[in-house]
Amino acid sequence: MVFQACIFDLDGVIVDTAAHHFVAWNRLAEELGVPFSHEDNERLKGVSRVDSLEYILRKGGLILDPATKLKLMDRKNTHYLQLADQTQPKDALPGVRDLLHELRAKRIKIALGSSSKNATMILERLELLDAFDALVDGNHITLSKPDPEVFLMAAKSLGANPPECIVFEDAQSGIDAARAGGFEVVGVGNASELSGARYVIPGFEGRTWDHILEGFNP
Ligand code: BG6
Ligand code: MG
């Protein structure tokens, strides 16, 4: 298989913002009197803001009107931005900047496929906005991962077919989304916690495009 394009998730693949999301959701959950654990946060990786709020409300047995839900999502995002706003270029996860530059030099197309509505801001802070040929994020999609919409839109923006693209994902919901869309997936994180990816790498440090391709022909 000759791959034409790569699609990167943002949170947990390019930058480690999961801790910020945890602090922000935890603060909101506390305000609502709902217990919120690291396990809950794991489950919410890749899940949109609205679906994450719905999960917390379900957990607490709370039924709220749409206007209140909007206010709560704004409040969570304010908590989140207080932390994420401090993101700097050095916060890009080890090796990812080099790989993005190598892909560009090799004319492999690159897209972002993220559920986050804060993606552009984070990429600006990382000084990585120019590294992407297309950005698809939470502002463009109507269906959250594990629906494949975000990756299908990203592939379309690049003019590539799903089987010609590798998706890099740290979340189970994202791996499921990519598989549902017919993409090849490389998991990023702990192999024992992720299923369905072609293979899983702990991160990009020291990994070139050739290393990534070798994983497909071990
Ligand atoms: C995903 C994160 O990338 O984006 C989730 O893994 C987050 O934790 C989701 O809820 C939505 O992010 P945001 O920035 O739009 O609230
Ligand atoms: Mg992620």
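We count ligands from 1, going down the list as the structure has it; atoms in each ligand are counted the same way. On a predicted model such as this, the values are computed, not experimentally measured, just so you know.
Nearest protein heavy-atom contact of atom 16 (O) of ligand 1 is Arg49 NE, 2.8 Å. For atom 6 (O) of ligand 1, the closest non-hydrogen atom of the protein is Gly46 N, 2.8 Å. What sits closest to atom 8 (O) of ligand 1 on the protein, heavy atoms only, is Leu44 O, 3.5 Å.
When you scan the N, O or S atoms of Asp11 for the one nearest the Mg ion (ligand 2), you land on O. Of all N/O/S atoms in Asp9, OD2 sits nearest the Mg ion (ligand 2). Shortest distance from the Mg ion (ligand 2) to Asp170 is reached at OD1 (N/O/S atoms only).
Under 4.0 angstrom from ligand 1, the non-hydrogen atoms of Ser115 come from both its backbone and its side chain. Residue contacts with ligand 1, taken as heavy atom pairs separated by less than 4.0 Å, involve Val47 solely via the backbone atoms N, CA, C and O.
For the pair Lys76 and Tyr80, the distance from NZ or CZ to the six-membered ring centre is under 6.0 Å and the angle to the ring normal is within 45 degrees.
When only interatomic distances are considered, the shortest N/O to N/O separation between Ser116 and ligand 1 falls below 3.5 Å. Residue Tyr80 places no N or O, backbone or side chain, under 3.5 Å from any N or O of ligand 1.
Rounding to the nearest 0.5 Å places CZ of Phe168 at 10.0 Å from CD1 of Ile110.
Ring orientation note: the planes of Phe132 and Phe8 are nearly perpendicular, at an angle over 60° on the 30°/60° scale.
A salt bridge is absent between Glu54 and Arg58; no separation between the charged side-chain nitrogens and carboxylate oxygens falls under 4.0 Å. In this structure, Arg207 does not pair ionically with Asp98, as no charged nitrogen and carboxylate oxygen lie closer than 4.0 Å. Between Arg97 and Glu127 no salt bridge is recorded (no basic side-chain N to carboxylate O distance below 4.0 Å).
Taking every heavy atom of Asp11 and a limit of under 4.0 angstrom, the matching atoms of ligand 1 come to 1 (C), 2 (C), 3 (O), 4 (O), 6 (O). With ligand atoms numbered from 1 in the order given, ligand 1 contributes 10 (O) to contacts under 4.0 Å with heavy atoms of Ser52. Each of the following atoms of ligand 1 lies closer than 4.0 Å to a heavy atom of Asn118: 13 (P), 14 (O). Per-residue contacts place Lys45 under 4.0 angstrom from the following atoms of ligand 1 (heavy atoms of the residue considered): 6 (O). Near Lys117, meaning under 4.0 Å from any of its heavy atoms, are these atoms of ligand 1: 13 (P), 14 (O), 15 (O).
Side-chain contact between Tyr199 and Ile212 is present, with heavy atoms from C-beta onward closer than 4.5 Å. A 4.5 Å side-chain heavy-atom check between Phe151 and Lys156 finds every atom pair outside the cut-off.
Without hydrogens or angle criteria, His140 side chain to Asp137 main chain gives a donor-acceptor distance under 3.5 Å.
Scanning both residues, Ala171 and Leu194, for their nearest heavy atoms gives C-CD2, 4.2 Å.
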